[in-house]
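See structure below.
Lettering follows sequence order; numbering is per chain, from 1.
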Amino acid sequence: MEHIVFGIGITALTGALATVAGSAEDTESNIGSQGDPNSQVQLAPQMGFLHRIFNKAVAGEPPAYGLWCALGAGLAWAFMAMQINAILAIVLGCVLAVFVQGVYATTAYLGRTASLAKFGQPVYVDIIKSMTTVTMAHAFIAIFCTVAICQLINGALGHPFPLPLLALIWGIALGAAGSATGNPYYGKERQYQNQKFGAGVPISASGNIVRYAEAGERNSIDNGFFTHKIGGSASGICFGLIVFLELWRTILFERIYAGWGAIAVGVLMILIFTVVDRYIEVWARKNYGPYTVPKEADA
Amino acid sequence: MNPTAMAVGVVLLIIILGACWYVSPTLGLTALIGIIIGGVLIGFGTHFVPVGGAPAAMGQAPGIATGVAMLAAGAGLAGLFGGAWAAEQGMVVAVVTGGIGGGLMMAITCMMVNFVYVYGMGIPAASGKVLHDPITGDSQAEYKSQGTEGHGLPFVSFVGGVIGGILGGAGGTLIYLELLGLYEATFPKMMGATAAQVMPVAVAIAGMFAVALFLVNAVLTAYNITGTIEGPHDPKFKRWPRAIVASAVASALCGFVAILIVAM
């Protein structure tokens with residue numbers, strides 16, 4: 001019983017950390033413009049729309065976060081082997097991993113923006129100075145929380161994988177959840193704020209991203225401020241649910257029927273999410289209605 | 001489909017199996033067959049995952065706004081995490097646990113994608129590839145906004161995502177278990193240590209190879225899909241047979257390397 005109560009406490013803590021990690025990851029990738037929406041940031045100058053948005057698509061978010069989390073965890077592991085306190089070791093490991101992220105961000109911005117020179121896109125030095133550190137700060141939160149989750153899973157819950165391998169796995173999952181949930185909100189809702197609400201961006205509008213703010217030109221910190229409220233929160237809830245429910249069903253039910261209990265609860269949860277998804281889909285169809293008259297009615 | 005290429009793939013597969021039988025006829029060959037089945041499950045499962053890439057991020061195409069290999073890896077590795085934890089409870093329980101872990105990750109992600117589209121952006125789900133959802137029968141064409149190929153995740157894409165996560169998680173776990181069994185049996189003699197002493201090394205190396213094989217198969221399938229896919233109703237889904245052969249050959253080759261470190 002004590003083991004289960006302890007496990008539930010750790011599970012709750014990891015769920016909370018994962019929620020913060022998911023939110024920070026999405027906000028970091030939006031400020032740095034790393035996910036799929038960055039295709040428009042890269043495209044805009046080619047269509048004649050010069051801008052002051054950061055441009056650091058180092059890689060897809062999942063492999064990038066896989067690398068940074070594994071790096072942070074690997075270094076933390078090495079520090080712990082040197083008898084350094086676990087919390088301090090994780091902080092030090094993550095700080096060093098964030099420096100690598102900063103180097104990638106800087107070289108990615110310079111390289112990608114310089115490749116747009118023939119379209120007249122300038123490289124803004126003040127953008128590097130002011131925004132790189134903001135992405136690094138958010139990356140630190142995301143990496144620290146993920147490595148802390150992995151340390152709890154490995155040290156307290158006894159998962160057999162070593163810390164760096166766990167961090168690679170959960171870093172990739174963090175990037176996948178964050179990019180899947182947060183990208184549309186940044187890509188459609190923020191970059192194309194000049195398009196109609198409640199509809200996708202027409203393909204003909206590609207590249208015509210919003211470049212001006214209330215005062216002066218829009219920058220990537222504005223984008224992070226805007227997207228973290230819904231995109232960031234949704235990404236946080238998504239990754240938090242994934243980590244929490246995966247651990248919760250294992251801790252509570254793995255001993256029931258030699259593992260089949262956890263499987264049955266997993267199947268039940270999939271069915272619940274399926275019902276919720278279908279409800280959301282039907283709700284949208286009923287409340288928003290079709291864009292055009294159905295073909296049957298036309299006939 | 002190119003029959004010559006398929007035949008070449010099958011011949012390569014037989015050659016690699018033969019080479020494995022030569023160096024390790026019992027333990028190694030059994031492990032390699034498990035690895036090939038796991039790799040094929042990952043390759044086949046990735047075809048189910050609805051991925052819209054960059055166009056989906058602007059609500060210009062249905063699917064999840066990220067890369068095929070990225071999303072499949074995220075789901076499958078979350079499954080591998082659960083499967084590895086359940087390894088002590090036997091192969092069947094562990095593989096099913098891995099599959100359910102991957103499916104759960106995809107169910108949560110797909111639900112949250114629709115949540116953001118509907119409540120954050122006011123956009124209903126609509127497929128660009130079919131007039132009616134094959135599962136619910138809902139009409140799709142009139143729910144596509146002007147100038148787009150659709151957006152969000154129609155129900156069939158949600159189901160496809162969950163199936164893809166289940167197959168990927170199960171495949172990744174199967175590869176891990178096969179390699180773990182092989183390393184647990186061979187490392188003590190090779191290293192001159194007890195089974196308990198070699199366990200952390202066996203777990204770590206088997207885990208790394210499982211992650212690597214997962215990425216190999218997911219990326220290979222991403223090339224077969226060429227960018228984006230809506231799910232099992234997408235015409236691109238019919239390309240799966242050639243991905244199966246390619247995944248089998250790639251898994252066999254990578255698995256053979258993983259076996260050689262203990263067989264030579």
[X] side chain near [Y] side chain, heavy-atom distance below 4.5 Å:
| X | Y | result |
| --- | --- | --- |
| A:Arg285 | B:Ser139 | yes |
| A:Glu281 | B:Asp138 | yes |
| A:Glu246 | B:Leu104 | yes |
| B:Phe81 | A:His159 | yes |
| B:Phe115 | A:Ile237 | no |
| A:Trp260 | B:Val92 | yes |
| A:Lys188 | B:Val116 | no |
| B:Tyr119 | A:Ile280 | yes |

Please indicate whether [X] has more than 12 foreign heavy atoms, meaning atoms of other residues, nucleotides or ligands, lying under 6.0 Å from its [atom1].
| X | atom1 | answer |
| --- | --- | --- |
| A:Lys196 | NZ | no |
| B:Glu149 | CD | no |
| B:Glu88 | CD | no |

Option in [options] with maximal non-hydrogen atom pairs under 4.5 Å from chain B:
| options | value |
| --- | --- |
| A:Ile203, A:Asn38, A:Thr181 | A:Ile203 |
| A:Pro184, A:Pro37, A:Pro62 | A:Pro184 |
| A:Gly198, A:Ala176, A:Pro63 | A:Gly198 |
| A:Gly60, A:Gly266, A:Pro160 | A:Pro160 |

Interface moiety of [X] toward chain B, non-hydrogen atoms closer than 4.5 Å:
| X | answer |
| --- | --- |
| A:Tyr279 | side chain |
| A:Ile242 | both |
| A:Pro162 | side chain |
| A:Ser39 | side chain |
| A:Ser204 | neither |
| A:Gln195 | neither |
| A:Ala258 | backbone |
| A:Leu168 | side chain |
| A:Tyr192 | side chain |
| A:Tyr288 | side chain |
| A:Ile263 | both |

Of all heavy-atom pairs between [X] and [Y], which one has the smallest distance, and what is that distance?
| X | Y | value |
| --- | --- | --- |
| B:Met105 | A:Ala177 | CE-N, 4.4 Å |
| A:Ala180 | B:Val113 | O-CG2, 3.6 Å |
| A:Ile230 | B:Gly120 | CG2-CA, 4.3 Å |
| B:Ala107 | A:Phe273 | CB-CB, 4.1 Å |

Could you tell me the separation between the [atom1] atom of [X] and the [atom2] atom of [Y], rounded to the nearest 0.5 Å?
| X | Y | atom1 | atom2 | answer |
| --- | --- | --- | --- | --- |
| B:Met121 | A:Arg190 | CE | CZ | 14.0 Å |
| A:Met269 | B:Ile100 | CE | CD1 | 9.5 Å |
| A:Asp36 | B:Ile64 | CG | CD1 | 11.5 Å |
| B:Leu77 | A:Leu166 | CG | CG | 11.5 Å |
| B:Met58 | A:Gln191 | CE | CD | 7.0 Å |
| B:Leu80 | A:Ile172 | CG | CD1 | 10.5 Å |

Heavy-atom contact with chain A under 4.5 Å, split by part of [X]:
| X | result |
| --- | --- |
| B:Tyr117 | side chain |
| B:Ala73 | both |
| B:Val211 | side chain |

* Full working for side chain to side chain contact (heavy atoms under 4.5 Å, CB included) between A:Tyr291 and B:Gln146 -> CA-CA 8 Å; A:Tyr291 293 99; B:Gln146 194 180 8; over 6 Å; no
* Would you verify whether the NZ or CZ of A:Arg278 falls within 45 degrees of the ring axis of B:Phe158 while also being under 6.0 Å from that six-membered ring's centre? => no
* Answer yes or no: is there a donor N or O on one side and an acceptor on the other, between the side chain of B:Ser145 and the main chain of A:Gly200, under 3.5 Å? => yes
* Does B:Gln89 reach the main-chain N or O of A:Glu254 with its side chain, forming a donor-acceptor pair under 3.5 Å? -> yes
* Option from A:Leu271, A:Asp277, A:Ile270 for which side chain to side chain contact (heavy atoms under 4.5 Å, CB included) with B:Val162 holds -> A:Ile270
* Are a donor atom and an acceptor atom from the side chains of A:Ser206 and B:Gln60 found within less than 3.5 Å of each other? -> yes
* To do: For each of B:Gly82, B:Ala84, B:Ala78, tally heavy-atom pairs with chain A at distances under 4.5 Å, and name the one with the top tally.
  => B:Ala84
